[in-house]
Number of protein chains: 2
Amino acid sequence: MIGSLTLDQLRVLVTIADTGSFSAAGRKLGRVQSAISQTIATLEDIQGVSLFDRSGYRPLLTDTGRVLVEQARLVLASAAKFEGVAMGVRQGLEPELVIAIDPLVPTAPFIESLSALSQTFPNLPVSFSTEGLGGSLRWLRRDSAAIGICLLLPSIPDDITAYPLLRVRMQAVVAPGHPLAKLGRTATPIDLEPHVQLVLSDPIDPGSANFGVSSARCWRFVDLSRRLDFLLSGFGWCRMPEHLVAELVTAGSLVPLHIENDPTPEEGLTIYAAHARNQPLGKAGQWLLDDLRRRLHS
Amino acid sequence: MIGSLTLDQLRVLVTIADTGSFSAAGRKLGRVQSAISQTIATLEDIQGVSLFDRSGYRPLLTDTGRVLVEQARLVLASAAKFEGVAMGVRQGLEPELVIAIDPLVPTAPFIESLSALSQTFPNLPVSFSTEGLGGSLRWLRRDSAAIGICLLLPSIPDDITAYPLLRVRMQAVVAPGHPLAKLGRTATPIDLEPHVQLVLSDPIDPGSANFGVSSARCWRFVDLSRRLDFLLSGFGWCRMPEHLVAELVTAGSLVPLHIENDPTPEEGLTIYAAHARNQPLGKAGQWLLDDLRRRLHS
DNA sequence: GCATATCAATCATAAAAAGCGATGGACTTG
DNA sequence: CAAGTCCATCGCTTTTTATGATTGATATGC
């Protein structure tokens with residue numbers, strides 16, 4: 001029952017639908033008409049449906065036939081993608097491109113490059129991984145991702161090649177109901193120390209990312225949106241990317257916090273495009289890297 | 001190049017990936033191991049890629065192989081859907097179910113039924129048509145749609161079977177800047193007459209739907225959202241389904257208009273599930289109709 | 001209206017493809 | 001180290017598929 005369907009049958013079916021006759025389909029496929037006729041006969045027989053109404057001069061698709069032709073097109077498109085991936089590999093493309101992207105990184109600046117990527121390599125499977133902080137680096141190192149778009153704090157590791165792309169300005173914020181919101185002046189370490197800081201941290205190695213930690217008590221989060229929930233409810237303070245909190249600050253849901261001698265650079269944290277040095281990029285990865293640098297590195 | 005790929009090759013490939021060895025795949029597929037071996041060999045040969053690393057005791061998928069196995073699963077799923085549709089037809093199901101739905105009809109009450117439909121008939125292709133007012137009736141009559149979810153004004157035509165499902169309360173509204181908004185009392189026909197009424201009408205037969213027309217000057221629209229643009233900008237007045245304007249009225253973007261002797265029934269316009277009498281419903285259509293009546297007809 | 005061309009179904013036959021079974025070299029397991 | 005399992009290869013058989021000719025039906029051109 002299942003298992004006897006053939007791609008060839010579907011190709012023949014679609015070709016008949018496109019050309020309008022069995023004979024024409026035969027010519028187009030380089031086969032004699034009787035072969036076409038038999039192929040469709042077996043297809044109809046096995047599937048137990050009638051695809052064409054043969055009462056007239058030319059065969060007419062039945063209602064069922066019309067629907068199944070559309071389904072067949074989907075199957076063939078899917079098969080073509082299979083062959084497309086294989087062809088890409090044959091021509092030296094990597095079989096897939098995995099991009100690790102940090103949660104702090106804004107998506108918008110990358111859309112253009114990624115859209116161009118998908119046009120240049122239409123059959124390349126692309127996937128994204130967003131783990132917590134430090135996740136990108138881990139994916140790069142175990143070769144699960146070819147390219148990382150990530151922070152590299154405190155500095156670029158030796159085994160990683162990285163190109164700066166853009167900077168994300170950070171803004172310390174707190175909910176309006178929080179004591180720090182009523183401070184009314186620049187906050188000193190003494191001010192911050194007693195309050196809970198909501199820290200984004202590496203889920204695997206929670207001790208690693210202590211950059212910018214000022215409070216004695218930290219609550220650690222892996223994902224940004226959950227941390228935001230706690231932030232908004234007044235649980236503690238933290239630094240957030242400006243692009244994510246600008247609206248909330250305007251709406252009054254969050255209040256900016258000015259910190260004395262803030263170690264976070266004024267001009268923002270640098271977002272890098274990175275890849276593992278010992279794992280050379282494939283064609284598509286190299287293309288994306290070049291395109292990103294061209295578009296973003298000013 | 002293209003055209004020699006076989007579903008059977010993909011089935012074999014996926015089976016190997018699932019079972020972990022050529023021999024096991026052979027057992028599972030009821031074939032001898034050498035057949036499996038040859039199938040994969042030709043697949044690799046034709047596609048020009050290496051799928052397995054045979055250096056060890058068991059064959060290991062290469063990176064390319066891993067990606068292509070996933071692609072192959074997609075192709076097979078697509079092929080299974082093809083066979084699923086065919087099986088449905090074989091068992092008496094209609095090949096597809098087209099539902100014509102009027103623009104005024106709220107979507108929310110139908111989601112449950114349609115979700116149940118897709119669970120009951122997972123391979124049934126379902127599509128929706130929303131034309132202007134009267135479009136549903138036209139689709140039903142020329143058998144382009146099996147079921148219509150629509151208004152039937154002024155009454156149910158003879159060639160249509162219709163079951164009332166729910167009622168949509170209508171609310172005459174106007175933008176706050178419009179003269180009628182400042183009337184401050186129930187509007188009489190004399191009040192309405194000089195102002196432009198924004199009428200939803202049948203794009204094919206513009207004269208047909210004059211139900212509820214009160215103004216001398218009408219602007220006719222086919223789709224609801226465009227009419228809403230004109231309404232919001234203060235161009236004229238019209239009746240809108242309550243569920244669509246409730247928020248806008250609350251926000252002050254629209255003002256309710258009370259009309260003397262409004263011919264629109266207080267309890268709302270009736271939404272029917274309808275089908276053409278001379279075109280009996282298929283199994284799935286009948287099922288949906290019954291389910292809709294069961295869930296909605298109170 | 002008649003001749004001619006084109007259409008699809010059918011059948012016997014030829015060609016191609018796919019599966020089978022046996023064999024051999026490689027690796028695992030106990 | 002022996003027994004068991006793995007995959008590649010090969011000759012052979014079976015099955016599948018395409019071909020080419022024929023027939024009956026429908027369209028097209030004169």
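Numbered from 1 within each chain, the chains take letters A, B, ... in sequence-line order. It should be emphasised that the depicted structure is a prediction, and the values quoted were computed from it without experimental measurement.
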Under 4.0 Å: is that the gap between some side-chain N or O of [X] and OP1 or OP2 of [N]?
X	N	answer
A/Arg27	C/dC7	yes
A/Ser37	C/dA9	yes
B/Ser23	D/dT5	no

Rounded interatomic separation in angstrom, taking [atom1] from [X] and [atom2] from [N]:
X	N	atom1	atom2	result
B/Arg31	C/dG21	CZ	C1'	16 Å
B/Ile40	C/dA18	CD1	P	13 Å
A/Ile46	D/dT17	CD1	C1'	13 Å
B/Ile36	C/dG21	CD1	C1'	15 Å
A/Asp53	C/dA9	CG	C1'	15 Å
A/Asp8	C/dA17	CG	C1'	13 Å
B/Gln33	D/dG4	CD	C1'	15 Å
A/Phe22	C/dT10	CZ	P	11 Å

End-to-end axis angle, where each axis spans five pairs of the helix from C/dG1-D/dC30 to C/dG30-D/dC1, to 10°
40°

Below 4.0 angstrom, N of the basic side chain to O of the carboxylate: do [X] and [Y] qualify?
X	Y	value
B/Lys81	A/Glu70	no
A/Arg294	A/Glu112	no
B/Arg31	B/Asp8	yes

Consider the side chain of [X], meaning its heavy atoms from C-beta on, and name the nucleotide among [options] that approaches it most closely.
X	options	answer
A/Thr39	D/dA18, C/dG21, C/dG19	D/dA18
B/Val32	C/dG21, C/dA8, C/dG19	C/dG21
A/Ser34	C/dC11, C/dC20, D/dA18	C/dC11

If you look at every strand shown and take non-hydrogen atoms under 4.0 Å, does A/Gly30 touch a base, only sugar-phosphate, or nothing?
sugar-phosphate

Base, sugar-phosphate alone, or nothing: which one does B/Arg54 contact when heavy atoms must sit under 4.0 Å apart?
sugar-phosphate

Using heavy-atom distances to pick each residue's nearest nucleotide on DNA chain D, tell me which of A/Thr42 and A/Arg58 is more 5'.
A/Thr42

Please say whether more than 12 non-hydrogen atoms of neighbouring residues, nucleotides or ligands are located less than 6.0 Å from CZ in B/Arg277.
yes

Could you check whether the rings of A/Phe52 and A/Phe22 sit parallel, tilted or perpendicular, using 30° and 60° as the cut-offs?
perpendicular

side-chain contact (heavy atoms from CB on, under 4.5 Å) for B/Val49 and B/Thr64? Distances and angles first, verdict last.
CA-CA 8 Å; B/Val49 297; B/Thr64 302; 4.1 Å; yes

Between A/Glu44 (side chain) and A/Leu51 (backbone), is there a donor-acceptor pair under 3.5 Å?
yes

Between the side chain of B/Ser78 and the main-chain N/O of B/Leu74, is any donor-acceptor distance below 3.5 Å?
no

Without hydrogens or angle criteria, can the side chains of A/Thr62 and A/Asp53 be said to hold a donor-acceptor pair below 3.5 Å?
no

Is there any protein nitrogen or oxygen under 3.5 Å from a nitrogen or oxygen in nucleotides 27-30 of chain C, and what are the pairs?
none

Quiz item: cation-pi between B/Arg142 and B/Trp139, 6.0 Å / 45°:
yes

Is it the case that the base of C/dA9 and the side chain of A/Gln38 share a donor-acceptor contact (distance under 3.5 Å, atom types as modelled)?
no

